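Before any comments, here is the structure.
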2 protein chains.
Amino acid sequence: MPSISGLTDHDGYWLRVVSNAVSHDFARKVAGEGVTVAEWAVLRVLYDVDQMVPSSLARELRVTKGAVSKLADRLLEKKLIKRTESREDLRMHSLSLSKAGRQKVPVLAKLADDNDAEYFGVLTTEERDALSRILTALVERRGLSDVPMD
Amino acid sequence: MPSISGLTDHDGYWLRVVSNAVSHDFARKVAGEGVTVAEWAVLRVLYDVDQMVPSSLARELRVTKGAVSKLADRLLEKKLIKRTESREDLRMHSLSLSKAGRQKVPVLAKLADDNDAEYFGVLTTEERDALSRILTALVERRGLSDVPMD
DNA sequence: TATTGTTATACTCTATAACTATA
DNA sequence: TATAGTTATAGAGTATAACAATA
């Protein structure tokens with residue numbers, strides 16, 4: 001008789017358990033700063049580039065332009081980003097951090113650092129190095145750079 | 001000047017990238033069988049126990065009873081599970097697999113096996129063992145058995 | 001009163017596709 | 001026609017809390 005594999009027999013299951021726990025806790029932390037994880041990603045990208053059109057942001061974050069539109073709406077409401085019209089092409093506009101948004105990024109980055117330390121700090125140096133190495137290997141060998149972050 | 005960590009500087013980020021990719025592909029596979037990943041988890045648990053009350057299922061899957069109620073509704077519509085009233089305690093009822101549900105579990109388990117092989121097969125035996133070991137260590141040391149699977 | 005389960009409501013995240021304005 | 005962006009719609013996944021029935 002064939003044996004049926006269980007939920008816990010798959011690496012994908014445990015990966016999801018750990019990933020969800022890490023993300024869930026991080027979401028709770030950034031919620032204290034009034035933003036979601038998806039919003040944090042937008043803010044962090046804008047922090048480096050100063051300004052970016054929504055279509056580029058969609059490519060960078062690997063989501064649809066509709067998703068970016070919605071995220072941008074919320075960040076505008078929260079006054080963390082600004083919209084600037086383009087003069088050359090009136091269809092386009094740029095998104096950039098507001099002063100408040102720029103001030104918030106280091107705070108959020110610190111929370112991300114804390115969260116990582118909290119979770120992966122229980123590993124030995126060897127384990128942590130191995131994890132990073134293996135995750136990177138998976139990303140490279142499976143070509144996950146093009147995978148959406150849903 | 002303090003340097004601000006980026007999205008990709010955290011293990012949590014890469015964990016999320018890989019986990020999302022694995023789950024996304026698995027979701028696509030089971031969608032071909034007409035179920036979602038959350039529904040697969042319900043079916044797989046019921047496969048072993050024959051029958052279970054929603055409150056136990058909620059504990060097992062670490063979601064709220066409301067979430068189980070919704071999942072059960074969908075699985076009933078799809079005729080993959082059955083509801084049976086309890087005779088001792090009329091507030092309770094048991095959920096169990098229908099014949100169709102029981103037949104589907106091995107098919108779904110095979111898809112989970114395939115998905116795992118597809119993703120983690122690119123790792124060497126040593127890497128794969130290390131990944132399993134490290135994920136297990138994280139679950140144990142961080143006490144993630146109690147974390148919800150959202 | 002406490003418990004089981006359902007239902008109502010709400011939110012995040014995402015997608016697809018129709019639509020508007022501009023090129 | 002093609003492109004940039006918005007909006008409408010939908011659906012998965014989840015939570016909280018109000019509720020009904022029963023214990």
Side-chain angles (χ1 to χ4, degrees), chain A residues 16-17 19-21 23-31 34-42 51-78 81 83-95 147-150, chain B residues 16-17 19-21 23-31 33-42 51-78 81-95 147-150:
Chain A
R16 181 163 142 256
V17 168
S19 175
N20 282 347
S23 291
H24 194 264
D25 254 17
F26 182 49
R28 202 173 42 72
K29 289 189 177 79
V30 295
V35 300
T36 66
V37 175
E39 289 165 8
W40 144 250
V42 171
Q51 67 170 219
M52 195 178 245
V53 293
S55 50
S56 302
L57 201 48
R59 258 193 308 279
E60 181 88 10
L61 299 175
R62 296 175 210 108
V63 294
T64 60
K65 53 189 181 170
V68 169
S69 224
K70 230 165 148 178
L71 284 169
D73 281 347
R74 284 212 310 253
L75 288 168
L76 279 164
E77 268 176 33
K78 295 175 185 177
I81 65 171
R83 271 204 180 106
T84 313
E85 291 165 16
S86 165
R87 292 190 184 169
E88 310 104 50
D89 188 334
L90 291 179
R91 291 171 305 183
M92 300 169 79
H93 61 239
S94 288
L95 300 174
V147 166
M149 292 292 295
D150 65 314
Chain B
R16 182 162 142 256
V17 168
S19 175
N20 282 347
S23 292
H24 194 263
D25 253 16
F26 182 50
R28 202 173 41 71
K29 289 187 177 80
V30 296
E33 291 293 326
V35 299
T36 67
V37 175
E39 289 164 9
W40 144 250
V42 172
Q51 68 170 219
M52 195 178 245
V53 293
S55 50
S56 302
L57 202 48
R59 260 193 307 278
E60 181 88 13
L61 299 174
R62 298 174 209 108
V63 294
T64 61
K65 53 189 181 170
V68 168
S69 226
K70 228 166 144 177
L71 284 168
D73 282 345
R74 283 211 313 250
L75 288 167
L76 280 164
E77 268 177 35
K78 294 176 184 176
I81 65 172
K82 293 176 297 184
R83 271 202 180 109
T84 312
E85 291 164 16
S86 165
R87 294 191 182 169
E88 310 104 51
D89 188 334
L90 291 179
R91 291 172 304 183
M92 301 169 78
H93 61 238
S94 287
L95 300 175
V147 166
M149 291 293 295
D150 66 312

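It should be emphasised that the depicted structure is a prediction, and the values quoted were computed from it without experimental measurement. We name chains A, B, ... by the order of the sequence lines, and we start the count at 1 in each one.
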Completion exercise
Residues passing the side-chain contact (heavy atoms from CB on, under 4.5 Å) test with A/Ser86, sequence neighbours excluded, are A/Glu88, A/Asp89, A/Met92

Handout entry: Between C1' of C/dT16 and CZ of B/Arg28, the distance in whole Å
Key = 17 Å

Exercise for the section: Please lay out, stage by stage, how A/Leu57 and A/Val42 fare under the test side chain to side chain contact (heavy atoms under 4.5 Å, CB included). Expected result: CA-CA 8 Å; A/Leu57 201 48; A/Val42 171; 3.9 Å; yes

Practice task
Give one of base, sugar-phosphate or nothing for B/Glu88, where a contact means two heavy atoms less than 4.0 Å apart.
Solution key: sugar-phosphate

Completion exercise
side-chain contact (heavy atoms from CB on, under 4.5 Å) filter on B/Ala67, not counting sequence neighbours, yields B/Val63, B/Thr64

Problem - Interatomic distance where CG belongs to B/Leu95 and C1' belongs to C/dT6 [whole Å] - result: 13 Å

Handout entry: Interatomic distance, B/Met52 CE vs C/dG5 C1' [rounded to whole Å]
Key = 16 Å

Exercise for the section: Could you check how far CZ of B/Arg74 sits from P of C/dT7, rounded to whole Å? Expected result: 15 Å

Practice task
Starting at atom CG of A/Leu90, determine the distance to atom C1' of D/dA2, rounded to an integer number of angstrom.
Solution key: 17 Å

Completion exercise
Between B/Thr36 and B/Val30, the two heavy atoms sitting closest are C-CG2, 4.0 Å

Handout entry: Non-neighbouring partners of A/Lys78 that pass salt bridge (charged side-chain N to carboxylate O under 4.0 Å, His left out), sequence neighbours left out
Key = A/Glu39

Handout entry: Interatomic distance, B/Glu39 CD vs D/dG11 P [rounded to whole Å]
Key = 13 Å

Completion exercise
When A/Val37 and A/Arg87 are each assigned the nearest nucleotide of DNA chain C, the 5'-most assignment goes to A/Val37

Exercise for the section: Find the distance B/Trp40:CH2 to D/dA12:C1' and express it as a whole number of Å. Expected result: 19 Å

Fill in the blank from the handout: Students should find that the end-to-end axis angle of the helix from C/dT1-D/dA23 to C/dA23-D/dT1, with five pairs defining each axis and rounding to 10 degrees, is 30°

Problem - Listed partners of B/Glu60 passing salt bridge (charged side-chain N to carboxylate O under 4.0 Å, His left out), at least two apart - result: none

Fill in the blank from the handout: By side-chain contact (heavy atoms from CB on, under 4.5 Å), A/Ser23 pairs with (sequence neighbours left out) A/Ser19, B/Arg16

Problem - Residues forming a side-chain contact (heavy atoms from CB on, under 4.5 Å) with B/Ala41, sequence neighbours excluded - result: A/Leu7, B/Leu61

Handout entry: Contact under 4.0 Å: A/Thr36 side-chain N or O vs C/dT12 OP1/OP2
Key = no

Practice task
Please state how far atom CG in B/Leu71 lies from atom P in C/dG5, giving the value in whole angstrom units.
Solution key: 15 Å

Completion exercise
Per-nt protein contacts along nucleotides 4-10 of chain D (heavy atom under 4.0 Å; B base, S backbone sugar-phosphate only, - none) come out as SBBB--B

Problem - salt bridge (charged side-chain N to carboxylate O under 4.0 Å, His left out) involving B/Lys29 - partner list, sequence neighbours excluded - result: B/Glu118

